[in-house]
Amino acid sequence: MPASAIITSALPYANGEIHLGHIASTYLPADIFTRFLRLKGVEAYHICASDDFGTPILIKAEKEGKKPEDYVAHWNRRDAEDFAAAGISFDLFYRTSSPENVKFVQDVFKKLKQNDHIYEHDVVQFYCEFDDKFLPDRYVVGKCPFCGADNQYSDLCEKCGRVPDEILEPKCAICGRPPVKKQSTHYFFKLSNFSQELKKWLSENARLQTDVKNYVINWINEGLQDWDITRDLSWGVPIPLDEAKGKVFYGWFDNHLCYISTAAKLIEEKGGDGKKFWNGSDIYHFIGKDIVYHHYLFLPAMRMGINREYKLPDYIPTRGHLMLQNQKISKSRNWYIGLRDFVSVFNPDYLRFYMASIVTYSQDDLNFDFDAFAEKINNELIANVGNFVNRALSFTQKSFAGRVPEAGTLAQDDSEIKDAVAAAVKETGELLSANETDRALRRILALSNQLNQYFQKKKPWSEKDTAAATLYVAVNAARSLAILLAPFIPFSAEKMWSQLGLQGSVHKQSWDSAGQFAILAGHALGRVEPLFKKLEAKEIEEQKAKLGRK
RNA sequence: GCCGGGGUAGCUCAGCUUGGUUAGAGCGUACGACUCAUAAUCGUAAGGUCGCGGGCUCAAAUCCCGCCUCCGGCACCA
């Protein structure tokens, strides 16, 4: 366990809302992990930012008649709200367009240039003489050379999903006129300089996922291409050279540097030294599998290129994409569920619980299934966990006037439960440390199941002699469950905490204390009521029917 | 085509790295128990030639080879 850690989640692009896919692959695993570290007493910070620059944003902003600054500010705010509603707890949600990041990116560029990792090269680009500007990427539309679909972007055909080398019948996306080709000087990052060093780093770092590493090493063996990091565009981090007026950096040059500039800002606001803290911490970058290339190659290469002034990541937890009802998420087909919509209908903890139960520590894709969702919530979260907590607390309420009874000497089966709780805390902690979120949750459910068995076997409703000891054990075990579940279902765990009549927040407790029975005889419970409401078939069917409907 | 991951009970999956008790869990099904609890819980049972074929071995779901089959990725989309 490190003394301090910085956890980053991949930056959401500031041109659309957060949906369930984002949550499953990146933000929820990162949040659960960070919450766990905090309980373990690690000085852990979860940071993120909106990814503000780039062509698609500029085009959208122009279409909506807004300044790009205002356009991205809207999404930044909106994303932050949505994350908060789902219990994703960032210590700082900042933006790539922050002055801190702009300065940092420019400094890094200058250092890379000094270290001879940057070169200039003339490229031929589309240029619109009418609008008087270069037309990178999505500023050019035309006919897809693969499927023949009209009006597709030059860098991506949305019809067939392929990336054309050269689009047919090109047109300027702003005015519709055919562009001309014109030369422009671009800056390239010599990714190829780092092939050997990257290979060595990947091979030697046992903390990175093996399947992802193999995949990336293949790319290196095939030969890395240098990266064009320039765009002839007005919206981006300006290239800090007099001769590069009107040119900005490509988004993938600046956005992951924002992990560092944002972390540094946070630490410095707390009175610390950003660089020192970064280099003294374990660094985790949580990502989805689609951005493996950038995080396993581009990001480490750039840090190598500035002589590892900021350390390379220790972990890059990479997960697969979410499918909805066994089909790929697609906005255009409305096969898609926005986070805001979902948590306005369902308890956000239900989403977290279900997602956490299906998310594996691998690149495999996940599947969100509404029936499985309802089943897991009703049968596991409510009938198993919720029921145990509720029967333990309400029995104490009724039979012992809401006060935890004196246990006396614990019988063997009582002590066994105490040991079982301690074992579960230890094992769940190990699984969470290893990022095995789904297994960790399963381990907690196994404990809860065992507690129900215990309660059933001890029959406190008829066995009056041992009832006091049983309830003493059960209430304490419920407290342990609250702490164990706090990273997964933060809102409900807090409710459990207050029903237990405990002071403060469950999120401020120590994980290890969950292995002990800390509630003493005589302790008064809070107000007890069912923690959860069951999902009904009707509301599930309503949601299913919405999918795919336009 | 290349690379990667799967194929285990009706369904969803675990186990396979380090071969070795009657191959496990949840859901579903049948029967029973209980009543503290949101008809929740607990117990018992039925149900699998662990994709197919071959090999190594005293012993294979687990290691090796071949085949069939499904899925994903192939570069800037979490």
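Protein chains get the first letters and strands the later ones, always in sequence-line order, with residue 1 at the start of each.
- Relative orientation of the A:Phe90 and A:Phe83 rings is perpendicular, given thresholds of 30° and 60° on the angle between their planes.
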Expected string for nucleotides 33-47 of chain B under the B/S/- scheme (protein heavy atoms, under 4.0 Å, primed atoms plus P, OP1, OP2 as sugar-phosphate) is -SSBBB-SBSS----
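- Between A:Asp31 atom CG and A:His46 atom NE2 the span is 6.5 Å, to the nearest 0.5 Å.
- Computed from coordinates, the A:Phe188 CZ to B:C76 C1' distance equals 15 Å when rounded to whole Å.
- Following rounding to the nearest Å, A:Leu366 (CG) and B:C71 (P) show an atom-to-atom distance of 18 Å.
- The same atom, P, is picked in B:U62 and in B:U21; the two are 14 Å apart, to the nearest Å.
- In this entry the distance linking CE of A:Met355 with P of B:U12 reads 19 Å, nearest Å.
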Given the rule in the ring pair (Phe, Tyr, Trp, His ring centres under 6.0 Å) test, do A:Phe33 and A:Tyr284 qualify, once you have shown the distances and angles that lead to the verdict? CA-CA 10 Å; A:Phe33 185 72; A:Tyr284 296 80; 4.7 Å; yes
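- In this pair, A:Phe455 and A:Phe388 present their aromatic rings perpendicular. The plane angle is above 60°, beyond the 30 to 60° band.
- Spacing between B:G24 and B:G48 at atom P, rounded to whole Å, works out to 14 Å.
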Using Watson-Crick and G-U wobble pairs with both distances under 3.5 Å, what is the 5'-to-3' dot-bracket string of RNA chain B, with [ ] for crossing pairs and | for pairs outside the strand? (((((((..((((......[...)))).(((((.......))))).....(((((..]....))))))))))))....
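- At distances below 3.5 Å, at least one donor-acceptor pair connects side-chain atoms of A:Lys464 with backbone N or O atoms of A:Trp461.
- Computed from coordinates, the A:Leu198 CG to B:A75 P distance equals 20 Å when rounded to whole Å.
- One finds a salt bridge joining A:Glu529 and A:Arg527 here, because a Lys/Arg side-chain nitrogen approaches an Asp/Glu carboxylate oxygen to under 4.0 Å.
- Between B:A9 and B:U18, the distance separating the two P atoms is 26 Å to the nearest Å.
- The pair A:Asp82-A:Arg340 counts as a salt bridge, with a side-chain nitrogen and a carboxylate oxygen less than 4.0 angstrom apart.
- For the P atoms, the distance from B:G26 to B:G43 is 9 Å, rounded to whole Å.
- Of the P atoms belonging to B:C58 and B:A23, the separation is 23 Å, rounded to the nearest Å.
- Between the P atoms of B:G28 and B:A40, the separation comes to 9 Å (whole Å).
- Mapped onto RNA chain B by nearest heavy atom, A:Arg439 and A:Ser25 fall at different nucleotides, with A:Arg439 at the one closer to the 5' end.
- Using a 4.0 Å heavy-atom distance criterion, A:Lys376 is classed as making no nucleic acid contact.
- Spacing between atom CG of A:Asn367 and atom P of B:C70 amounts to 19 Å, rounded to whole angstrom units.
- Classification of A:Asp232 and A:Lys247 as a salt-bridged pair holds, one side-chain N sitting under 4.0 Å from a carboxylate O.
- B:C63 and B:G15: their C1' atoms are spaced 16 Å apart (whole Å).
- Nucleic acid contact class of A:Leu322 (heavy atoms, under 4.0 Å, all strands): base.
- By the salt bridge (charged side-chain N to carboxylate O under 4.0 Å, His left out) test, A:Lys289 pairs with A:Asp365, sequence neighbours left out.
- Distance A:Tyr13 OH to B:C77 C1': 11 Å, rounded to the nearest Å.
- Between the P atoms of B:C71 and B:A30, the separation comes to 34 Å (whole Å).
- Using a 4.0 Å cut-off between a side-chain N of Lys or Arg and a carboxylate O of Asp or Glu, A:Glu541 and A:Lys544 qualify as a salt bridge.
- The separation between A:Arg319 atom CZ and B:G5 atom P is 18 Å, rounded to whole Å.
- Whole-Å rounding puts the A:Gln325 CD to B:U12 C1' distance at 14 Å.
- If you check distances only, the side chain of A:Tyr250 does reach the base of B:C76 with a donor-acceptor pair under 3.5 Å.
- At a threshold of 4.0 angstrom between heavy atoms, the contacts of A:Trp227 include nucleobase atoms, whether or not backbone atoms are also involved.
- Ring geometry, A:Phe189 versus A:His117: the interplanar angle exceeds 60°, so the pair is classed perpendicular (tilted spans 30 to 60°).
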